[in-house]
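Here the structure comes first, spelled out in structure tokens, and everything after it is commentary.
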Amino acid sequence: MPEWTFKISPIAASRPRISRCRAYFTGPYKVFREAMIDIVPNTLGDGFIPYDKPLKVDVELYVKRPKKTKLLTPRADIDNYLKAVFDSLNAKLWDDDKQIISVYATKQWAQPGEEGYFVLGLEECNDGGAE
């Protein structure tokens, strides 16, 4: 199973803001999306060809720990973290995240003083995911 470590603290996807003409993102999620534009090709390497078959994906999210927190795990819903990660990998790691047929995911704090990151592994399902 190929595996990649993306050196950026995961951020939960936020809802887009709507103006008269368009939808747009603001705040930390916008910064995450913009940073992923450079991080993804650097992590995957030159000439990477996106997967085009159904996929099983494992994701370990290590969110940067705030200086003070009483929480045992990051507050945001895990599905919002996954949406941010998956959307930023469309047309880069896979053609579209609709190819993902199975997900195993965990979220936790990164070690104190450590920057956040996420590790993603995948398995291509040549049989369309049938067991």
Which of these, Leu120, Thr106, Thr5, sits in a side chain to side chain contact (heavy atoms under 4.5 Å, CB included) with Glu60?
Thr106

Interatomic distance, CD@Glu34 vs CD1@Ile39, rounded to 0.5 Å, equals 11.5 Å

Provide the closest heavy-atom pair for Phe32 versus Ser88 in the form atom of the first, atom of the second, distance.
CE2-OG, 4.2 Å

Atom CD in Gln99, atom CG in Leu122: separation rounded to 0.5 Å?
10.0 Å

Quick one: sort the Phe86 and Trp94 rings into parallel, tilted or perpendicular, breaks at 30° and 60°.
perpendicular

For the hydrophobic clusters of this structure (ILVMFWY residues joined by side-chain heavy atoms under 4.5 Å, transitively), does one cluster hold both Val103 and Met1?
no

Crowding at CG, Leu72 (>12 non-hydrogen neighbours, <6.0 Å)
no

Going through the checks in order, is the side-chain contact (heavy atoms from CB on, under 4.5 Å) test met by Val63 and Gln108?
CA-CA 6 Å; Val63 180; Gln108 58 219 325; over 6 Å; no

Can you name the closest pair of heavy atoms from Pro50 and Ala91 and give their distance?
CG-O, 3.9 Å

Rounded to the nearest 0.5 Å, what's the gap from CD1 on Ile101 to NZ on Lys53? Could you check?
13.0 Å

What pairs with Tyr81 under ring-ring contact (aromatic ring centres under 6.0 Å, His included), at least two apart in sequence or on another chain?
none

With sequence neighbours excluded, what pairs up with Pro66 under the side-chain contact (heavy atoms from CB on, under 4.5 Å) test?
Thr69, Trp109

Interatomic spacing from OG1 in Thr43 to CH2 in Trp4 - rounded to 0.5 Å
10.5 Å

In the single-linkage hydrophobic clustering (I, L, V, M, F, W, Y; side-chain heavy atoms under 4.5 Å), do Tyr104 and Leu82 co-cluster?
no

How would you list all residue pairs meeting salt bridge (charged side-chain N to carboxylate O under 4.0 Å, His left out) that involve residues 111-122, not counting sequence neighbours?
Lys64-Glu115

Supply the atom-to-atom distance Glu3 CD to Glu123 CD, rounded to the nearest 0.5 angstrom.
13.0 Å

Suppose the criterion is salt bridge (charged side-chain N to carboxylate O under 4.0 Å, His left out): which pairs have a residue in residues 37-52, not counting sequence neighbours?
none

Is the closest side-chain heavy-atom distance between Leu55 and Cys125 below 4.5 Å?
no

Before you tell me yes or no, could you show the steps for Leu93 and Leu44 under side-chain contact (heavy atoms from CB on, under 4.5 Å), namely the whole-Å CA-CA distance, both residues' side-chain angles and the distance that decides it to 0.1 Å?
CA-CA 8 Å; Leu93 180 57; Leu44 298 178; 3.8 Å; yes

Across all chains, not counting sequence neighbours, the ring-ring contact (aromatic ring centres under 6.0 Å, His included) partners of Tyr62 are Tyr117

Validation row: Leu61, Val85 side chains within 4.5 angstrom (heavy atoms)
yes

side-chain contact (heavy atoms from CB on, under 4.5 Å) evaluation trace for Asn42 with Val40:
CA-CA 5 Å; Asn42 290 338; Val40 172; over 6 Å; no

Only pairs at least two apart or in different chains count here, so list each salt bridge (charged side-chain N to carboxylate O under 4.0 Å, His left out) that has a residue in residues 82-108.
Lys83-Asp87

Is it possible for you to say whether Phe48 and Leu89 belong to one hydrophobic cluster, with membership spreading through side-chain heavy-atom contacts below 4.5 Å?
yes

Distance-minimising heavy-atom pair for Ala110 and Gly116:
CB-CA, 4.3 Å

Are Ile37 and Phe118 connected into the same hydrophobic cluster when the rule is that any two of I, L, V, M, F, W, Y join if their side-chain heavy atoms are below 4.5 Å apart?
no

Just verifying a value: how many Å separate Ile8 CD1 and Met36 CE, rounded to the nearest 0.5 Å?
6.0 Å

